[in-house]
Visitor: 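Starting off with a structure, shown below.
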Amino acid sequence: MGLDAHNSYVTHLKCSLLAYSRYRWGDDGLITRAIDIAESAHRGQVRDGGEPFIVHPLRVAMHFLIVYPQAGEHELAAAILHDVLEDSREWTRQKLGDLFSDEIASAVDLLSKTTAEKDLSASQYKTQIINAPYFVRLIKLCDRLDNIVSLRACPDRD
């Protein structure tokens, strides 16, 4: 897929999430901010299959809406932001909390194994996810689902 196709796909995902937000909550301000922060945090990052990294959090958010249609606006924002703390050292839990809410910052922190503020073992991270609120566990499942689905685009499928 070429750059233009990737850009069109990203635009489609963003527009879909924003339209859903306006339909469901009458406003898209929170989701727009979440997308903007995710785009900024992942700028220049590329997935193993060659697509811009931002495709991943946007697809995770779409998967999340499918498996959890009763999701609230803050939960959807957390799905979009789920990799921000792991992938961008400029973001901290506190900074996310100041810009969004403690609920969103806490969810993103729970979804993060390694951040500027912590580095959990696999066992600690597994326990953290198991004990997380239901919607956080669903976001993690959607994250894994998207990683599995996108394997077909990886040059080294093994």
Side-chain angles (χ1 to χ4, degrees), residues 1-21 28-68 71 73-100 104-122 124-126 128-129 132 135-158:
M1 191 183 291
L3 186 58
D4 287 341
H6 282 140
N7 288 338
S8 294
Y9 185 47
V10 169
T11 299
H12 169 73
L13 289 168
K14 287 168 39 176
C15 288
S16 296
L17 289 166
L18 294 173
Y20 180 86
S21 181
D28 65 12
L30 180 68
I31 301 308
T32 297
R33 277 198 336 253
I35 291 170
D36 289 347
I37 296 306
E39 283 185 310
S40 173
H42 299 300
R43 185 163 287 117
Q45 296 173 358
V46 179
R47 300 271 290 170
D48 289 342
E51 64 194 3
F53 190 88
I54 190 61
V55 169
H56 171 67
L58 297 177
R59 278 193 315 234
V60 168
M62 295 297 288
H63 298 318
F64 181 62
L65 288 176
I66 291 167
V67 300
Y68 195 51
E73 192 175 21
H74 287 209
E75 295 163 333
L76 180 59
I80 294 166
L81 295 164
H82 80 274
D83 276 334
V84 165
L85 293 179
E86 281 191 348
D87 293 348
S88 177
R89 294 296 183 202
E90 74 180 81
W91 285 94
T92 63
R93 185 186 191 284
Q94 181 65 45
K95 192 172 173 181
L96 278 180
D98 291 346
L99 187 60
F100 291 98
I104 292 170
S106 176
V108 175
D109 186 53
L110 288 169
L111 289 159
S112 304
K113 181 179 176 186
T114 303
T115 69
E117 301 158 316
K118 68 179 180 181
D119 186 15
L120 301 178
S121 69
Q124 291 170 317
Y125 182 62
K126 179 181 173 185
Q128 179 170 286
I129 294 296
F135 82 94
V136 172
R137 294 192 315 264
L138 285 179
I139 293 170
K140 186 60 189 175
L141 288 172
C142 292
D143 178 35
R144 291 291 169 94
L145 170 65
D146 191 66
N147 288 336
I148 290 168
V149 168
S150 65
L151 281 176
R152 73 186 191 296
C154 291
D156 178 14
R157 293 182 185 180
D158 294 334

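The figures that follow rest on heavy atoms only: side chains count, while hydrogens, waters and symmetry mates do not.
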Visitor: Any chance you could lay out the side-chain contact (heavy atoms from CB on, under 4.5 Å) test for H12 and S16, step after step, and finish with the verdict?
Guide: CA-CA 6 Å; H12 169 73; S16 296; 3.6 Å; yes
Visitor: Less than 4.5 Å apart, side chain to side chain, heavy atoms only: is that true for V46 and P52?
Guide: no
Visitor: Begin from the C-alpha positions of L13 and I54 and carry the test side-chain contact (heavy atoms from CB on, under 4.5 Å) through to its verdict.
Guide: CA-CA 10 Å; L13 289 168; I54 190 61; over 6 Å; no
Visitor: Test your reading of the model: is there a side-chain donor-acceptor pair from S88 to the backbone of L85, 3.5 Å cut-off?
Guide: no
Visitor: Using a strict 4.0 Å threshold on nitrogen-to-oxygen distance, state whether R33 and D36 make a salt bridge.
Guide: no
Visitor: Within a strict 4.5 Å, meaning less than it, do heavy atoms of the D143 and H56 side chains meet?
Guide: yes
Visitor: With a 3.5 Å cut-off and no angle check, do the side chains of D146 and H63 form a donor-acceptor pair?
Guide: yes
Visitor: CG/L138 to CG/L145 distance, rounded to the nearest 0.5 angstrom?
Guide: 11.5 Å
Visitor: Please report the shortest heavy-atom distance between K113 and S121, naming the atom on each side.
Guide: CE-C, 3.9 Å
Visitor: At their closest point, which heavy atom of Q128 faces which heavy atom of L110, and how far apart are they?
Guide: NE2-O, 2.7 Å
Visitor: Determine the interplanar angle of the F135 and F64 rings, folded into 0 to 90°, and report it as parallel if under 30°, tilted if 30 to 60°, perpendicular if over 60°.
Guide: tilted
Visitor: For the residue pair L99 and W91, establish whether any side-chain heavy-atom pair is separated by less than 4.5 Å.
Guide: yes
Visitor: So do Y125 and K140 actually touch side chain to side chain, heavy atoms under 4.5 Å?
Guide: yes
Visitor: Using a distance-only test with no angle check, is there a side-chain donor-acceptor pair under 3.5 angstrom linking K14 and Y9?
Guide: no
Visitor: Out of curiosity, C142 SG to L65 CG, how far, rounded to the nearest 0.5 Å?
Guide: 9.0 Å
Visitor: Tell me if a side-chain donor or acceptor on T115 pairs with a main-chain N or O of E117 at a distance below 3.5 Å.
Guide: yes
Visitor: So, S21 side chain and L17 main chain: donor-acceptor pair closer than 3.5 Å or not?
Guide: no
Visitor: Below 4.5 Å, heavy atoms only, C-beta onward: do K95 and D98 meet side chain to side chain?
Guide: no
Visitor: Can you tell if the side chain of L58 reaches within under 4.5 Å of the side chain of I35, non-hydrogen atoms only?
Guide: yes
Visitor: I'd like to know if K118 and D109 make a salt bridge, using a cut-off of under 4.0 Å between side-chain N and carboxylate O.
Guide: yes
Visitor: What are the two closest heavy atoms between D87 and H42, and how far apart are they?
Guide: OD2-CE1, 3.3 Å
Visitor: Which atom pair, heavy atoms only, marks the closest approach of L111 to V136?
Guide: CD2-O, 3.6 Å
Visitor: If you measure from OG1 on T114 to CG on D119, what distance do you get to the nearest 0.5 Å?
Guide: 4.0 Å
Visitor: As a quick check of understanding, evaluate side-chain contact (heavy atoms from CB on, under 4.5 Å) for L96 and I104, giving each step before the final call.
Guide: CA-CA 7 Å; L96 278 180; I104 292 170; 5.7 Å; no
Visitor: Would the distance check show the side chain of H82 and the main-chain N or O of A79 forming a donor-acceptor pair, the cut-off being under 3.5 Å?
Guide: yes
Visitor: Search all heavy atoms of V108 against all heavy atoms of L81 and return the closest pair with its distance.
Guide: CG1-O, 3.4 Å
Visitor: Quick one: do V10 and E51 satisfy side-chain contact (heavy atoms from CB on, under 4.5 Å)? Show the steps, please.
Guide: CA-CA 10 Å; V10 169; E51 64 194 3; over 6 Å; no
Visitor: For the residue pair I37 and F100, establish whether any side-chain heavy-atom pair is separated by less than 4.5 Å.
Guide: yes
Visitor: If we only count heavy atoms from C-beta on, is the V67 to L141 side-chain gap below 4.5 Å?
Guide: no
Visitor: Between R137 and A132, what is the shortest heavy-atom contact and its length?
Guide: NH1-O, 2.6 Å
